[in-house]
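The structure displayed is predicted, hence computed values, not measured ones. In what follows, every chain begins at residue 1, and chains take the letters A, B, ... in the order their sequences are listed. These numbers come from the heavy atoms of this one structure, side chains and all, not from hydrogens, waters or symmetry mates.
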There are 2 protein chains.
Amino acid sequence: MTELSYHQFCPVAMASEILGARWTIVLLRELWAGSTRFNDLRRGVPRMSPALLSKRLRELEGRGIVERRLVRRNPDQFDYVLTPAGQDLGAVIMAIGIWGQRWVETAPTLENTDAGLLMWDMRRNLRTERLPARRATVQFIYSDQPDGRAEWWVLHLPDRVADLCSVDPGFDVDLYVRCDLRTMTAIWMGLDTVPRARSEDRLSLIGAEDVARGMQDWLGLSPFAAYPKHA
Amino acid sequence: MTELSYHQFCPVAMASEILGARWTIVLLRELWAGSTRFNDLRRGVPRMSPALLSKRLRELEGRGIVERRLVRRNPDQFDYVLTPAGQDLGAVIMAIGIWGQRWVETAPTLENTDAGLLMWDMRRNLRTERLPARRATVQFIYSDQPDGRAEWWVLHLPDRVADLCSVDPGFDVDLYVRCDLRTMTAIWMGLDTVPRARSEDRLSLIGAEDVARGMQDWLGLSPFAAYPKHA
DNA sequence: CCGTATCCGGGGGGATACTG
DNA sequence: CAGTATCCCCCCGGATACGG
């Protein structure tokens, strides 16, 4: 998409020359969601090669959409943050996501499960203030996933964004969540709910009952979960 | 973009697999603007090959975004119209266009002038009810364009959408509009105005003075003209 | 007027390895 | 941790010509 211009003055075409490149919109979604570090971005776009990620970031920087900023004067430590122009793309990302939530069929969507990506998204949107304890550990177990992708620990510590581990950090676990990955993905996307899945035995919650009962509440959902499928 | 999936359940990624293919957004803009016939669509995306246009239309049909509909039971005569899912993409197109109008630099945009495309867009948005005469012919002359692309006639007849010709239809001309193509493009995009261009001698209007005086009014602008550049 | 068929080239980007 | 470097394949899509 570099020199392949549409040669149209229409602003839709001009903008599409930037946004239409492969991976760009998905990357922007991850930046918009809040990731700033290179390896954090990689967790949000795990199937994008680091070479291409680096290339896209430089393109977006050249377009004034992303700013590359030193972290604490540490050389070789960079934050990638959206400029005002990049933040304004939030309206585009929202419009695309809302349309996708409304009109893309759920079956192919739920073929694209990815435990690491789901946990990475969920961790970011946890409403930790709705967790009863000042400190809590929740272990997710995806019964259908292979070793290394099946067990995840989410640690909520006071005054911090939640931590995510794929190896046992050794803390006492307040709640064990066990289900298959599709079920958890569907819940996150607003296509299912914790109470329904639990009552239908697709989801098992073991541990502190108050944490279990509040799960639909403290588990933040996808930014698009609230938009219903088309009638 | 056919089988190259992002493998992400995020609705932004799922939607982008459809919308991210080259030319797709530009084509959707033309459908959204109201073109339905194959050759009308071609006028809105003149640099897209007919083979690719046909392919994209079939893809969009397969996705439930476009419906292919027989014209008056005439075999081999088809209308391509947006389904409800396709109409909902209007929000995406608007968001992209508004962002483009706000943030894409005007200099590269105005490199992409195209007289045929501009006239095609302008013809569609003419506010013929603001034209004083029940019938009016306006001739546009682009002084910097080669033969065949320099002269255009817009015919307003009662109770019809305006006609566009690139050869002299032979009617009496009510107003001659002469300027270079950049000036007219900038006016259409809301980056300039008829009175300003006229007062600065970049635009010459000759003919019925009431039609000339009302031009900024009866000349409809781009759907994005009203959105100002970023501060 | 409404597309289809075919050919062919360029380069985008996937994969992997590697370095400061 | 934060990217670069490189290779190479594949497929997208531009161009052109042609059929109904």
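- Two rings, from F140(A) and W153(A), have their centers 6.0 Å or more apart.
- The side chain to side chain contact (heavy atoms under 4.5 Å, CB included) test with L219(B) is passed by exactly one of R130(B), R127(B), M184(B): M184(B).
- E59(A) places its CD atom 13 Å from the C1' atom of dG11(C), with the value rounded to the nearest Å.
- At whole-Å resolution of the value, CD in E61(A) and C1' in dG3(D) are 14 Å apart.
- Residue M48(B) contributes atom CE, which lies 10 Å from atom C1' of dG13(D) at whole-angstrom precision.
- In this structure, R47(B) atom CZ and dT16(D) atom C1' are separated by 16 Å, rounded to whole Å.
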I'd like a table of atom pairs between the protein and nucleotides 3-5 of chain C - only N or O on both sides, under 3.5 Å - with the distance next to each one.
from: dG3(C); atom 1: OP1; to: R68(B); atom 2: NH2; distance (Å): 3.2
from: dG3(C); atom 1: OP1; to: Y80(B); atom 2: OH; distance (Å): 3.0
from: dG3(C); atom 1: OP2; to: Y80(B); atom 2: OH; distance (Å): 3.4
from: dT4(C); atom 1: OP2; to: S54(B); atom 2: OG; distance (Å): 2.0

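- Under the 3.5 Å distance criterion, with hydrogens and angles disregarded, no donor-acceptor pair is assigned to the side chains of W152(B) and Q145(B).
- For the pairing with D114(B), the salt bridge (Lys or Arg N to Asp or Glu O under 4.0 Å) check across R149(B), R43(B), R47(B) returns one residue only, R149(B).
- Between W23(B) and the phosphate of dC12(D), there is no side-chain N or O to OP1/OP2 separation shorter than 4.0 Å.
- Not less than 6.0 angstrom separates the ring centroid of W99(A) from the ring centroid of Y227(A).
- At least one side-chain nitrogen or oxygen of R56(B) sits closer than 4.0 Å to the OP1 or OP2 atom of dG13(D).
- Atom P of nucleotide dG13(D) and atom CD of E17(A) are separated by 14 Å, given to the nearest angstrom.
- Judged by the 6.0 Å distance and 45° axis criteria, R29(A) is not positioned over the aromatic ring of W32(A).
- Taking only side-chain nitrogens and oxygens, R22(B) never comes nearer than 4.0 Å to OP1 or OP2 of dG12(C).
- As a whole-Å value, the separation of L52(A) CG from dT4(D) P is 12 Å.
- The side chain to side chain contact (heavy atoms under 4.5 Å, CB included) test with L28(A) singles out one residue from V92(A), I96(A), L89(A), and that residue is L89(A).
- Summarising the geometry, the separation between CG on D40(A) and P on dC1(D) is reported as 10 Å, rounded to the nearest angstrom.
- One interatomic measurement links the two molecules: CG of L57(A) to P of dG3(D), which rounds to 8 Å at whole-angstrom precision.
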